[in-house]
Amino acid sequence: MSAEGLLTPVSRDWQDQLRESFSNGQALLDFLGLAPADVNMSAAAARDFAVKVPHSFARRMLPGDPRDPLLLQVLARADELEVTAGYSADPVGERAGAIARPGLIHKYRGRVLLVVTGGCAVHCRYCFRRHFPYTQNVNGRARWRDTLDYVREDDSIDEVILSGGDPLVATDAHLAELVAAIAGIPHVRRLRVHSRVPVVLPDRVTPALTRALTHPRLQSILVIHANHANEIDAGVAQAMAALRAANITLLNQSVLLRGVNDNAAALADLSEALFTAGVLPYYLHLLDPVAGAAHFDVPASRARALHRELAARLPGYLVPKLVREEAGAAGKTLL
Ligand SMILES: *Cc1c(COP(=O)(O)O)cnc(C)c1O
Ligand code: SF4
């Protein structure tokens, strides 16, 4: 394939698009007309956690802008190599006791989280899962039946959350089978999916996917993950419309990231863009103190001030809850 062909894939099939994603920073920078020194790119950081960016997401970046808020989320940079006290590989304690069965995390009352797949469609540099031992915890198709017995045996669980990695990189057939099995557990009433795929790869949202994620016995909720208004383009809006038409409740969670969205105007624009696309803001997370992401941190005091500013300029339903995840807490901690 010609270099030009690599830069402008014509395929709309989501699996082809995944395969065609940028897998090195240099190709992404070439696409944007930037030099490595402009952005402090680091090959060592990329070896630690590979670069992965769908073209669909890269096309929403501003060419020539080294501070583009989407680029900063996905490009491996030298800042990641800095070792910062208090930043660890497992900041939220997922490996410490919350794993009830392989691939099943039961941390909060009434809700369990299933690790459907270890893969993601994009690699977000701030993600606490960059060090997660997926291979030991991914629910293979053969194993989830056994895993679901845990849910079957605990009737206090009324919500099952599909997570990952990113659950929407799984195939439609895998998801449909899993959802049907979950729907077969009488006390489960809600199915929630947490995914960044509808934002970074909106072509993943097909009629077959919306069918797979809905079931007459369950209320379906999809929590997307967008951090900046520039992520919500026409393709995302179209995907959201299709999901809403299938009666799926749409929420968004964001992470507060220095240099990306740490000002009230950016956060307000994001809430407005989400609502225009039919999505309600749910959570604004403080960064998990994960090794390699300290340069994204916004101190809690500054986060509170931003949140107050946001509340002063937006209707209440457009103000996400400001939360932090703490190991051992009964739920997300409200700030
Ligand atoms: C965040 C999270 C949930 C869901 O929490 P909500 O406050 O209901 O959104 C459930 N399980 C785990 C392990 C989580 O990290
Ligand atoms: S789990 Fe979510 S935030 Fe983390 S790398 Fe995957 S898509 Fe990004």
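Each ligand, and each atom within it, is numbered from 1 in the order the structure gives. What you see below is based on every heavy atom in this structure, not just the backbone, and it leaves out hydrogens, waters and symmetry mates. Residues: numbered from 1 along the sequence shown.
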N/O separation below 3.5 Å, R111 to ligand 1: yes
Polar contact flag for H194 and ligand 1 (N/O pairs, less than 3.5 Å): no
Under 3.5 Å side-chain donor-acceptor pair for H295 and E82: no
Short side-chain donor-acceptor distance under 3.5 Å, H228 and Q73: no
Output the list of atoms in ligand 1 that are nearer than 4.0 Å to some heavy atom of [X], sorted by atom number.
{"X": "I105", "value": "13 (C)"}
{"X": "K107", "value": "13 (C)"}
{"X": "Y282", "value": "6 (P), 7 (O), 8 (O), 9 (O)"}
{"X": "I161", "value": "3 (C), 4 (C), 10 (C)"}
{"X": "L113", "value": "11 (N), 12 (C), 13 (C), 14 (C)"}

Counting heavy atoms only, which part of [X] comes closer than 4.0 Å to ligand 1: side chain, backbone, both or neither?
{"X": "R192", "answer": "side chain"}
{"X": "E159", "answer": "neither"}
{"X": "V223", "answer": "neither"}

Ring centre gap for F275 and Y317 strictly below 6.0 Å: yes
Pairwise distance NE2(H285) to OH(Y282) - rounded to 0.5 angstrom: 8.0 Å
Hydrophobic cluster identity match, L70 and L257, side-chain contacts under 4.5 Å: no
Thinking salt bridges, do [X] and [Y] make one under a 4.0 Å N-O criterion?
{"X": "R190", "Y": "D158", "value": "yes"}
{"X": "R204", "Y": "D172", "value": "yes"}
{"X": "E231", "Y": "R196", "value": "yes"}

Per-atom contacts, ligand 2 versus G165 - under 4.0 Å to a heavy atom: 1 (S)
Proximal atoms of ligand 2 relative to C127 (non-hydrogen, under 4.0 Å): 1 (S), 3 (S), 4 (Fe), 5 (S)
Whether C120 has an N, O or S atom under 2.8 Å from atom 6 (Fe) of ligand 2: yes
Reference residue S254; test side-chain contact (heavy atoms from CB on, under 4.5 Å); the match among L284, I224, L267: L284
Sole candidate of T214, L175, V197, T171 that passes side-chain contact (heavy atoms from CB on, under 4.5 Å) when paired with L209: L175
Whether G164 lies under 4.0 Å from ligand 2, heavy atom: no
E325 heavy atom under 4.0 Å from ligand 1: yes
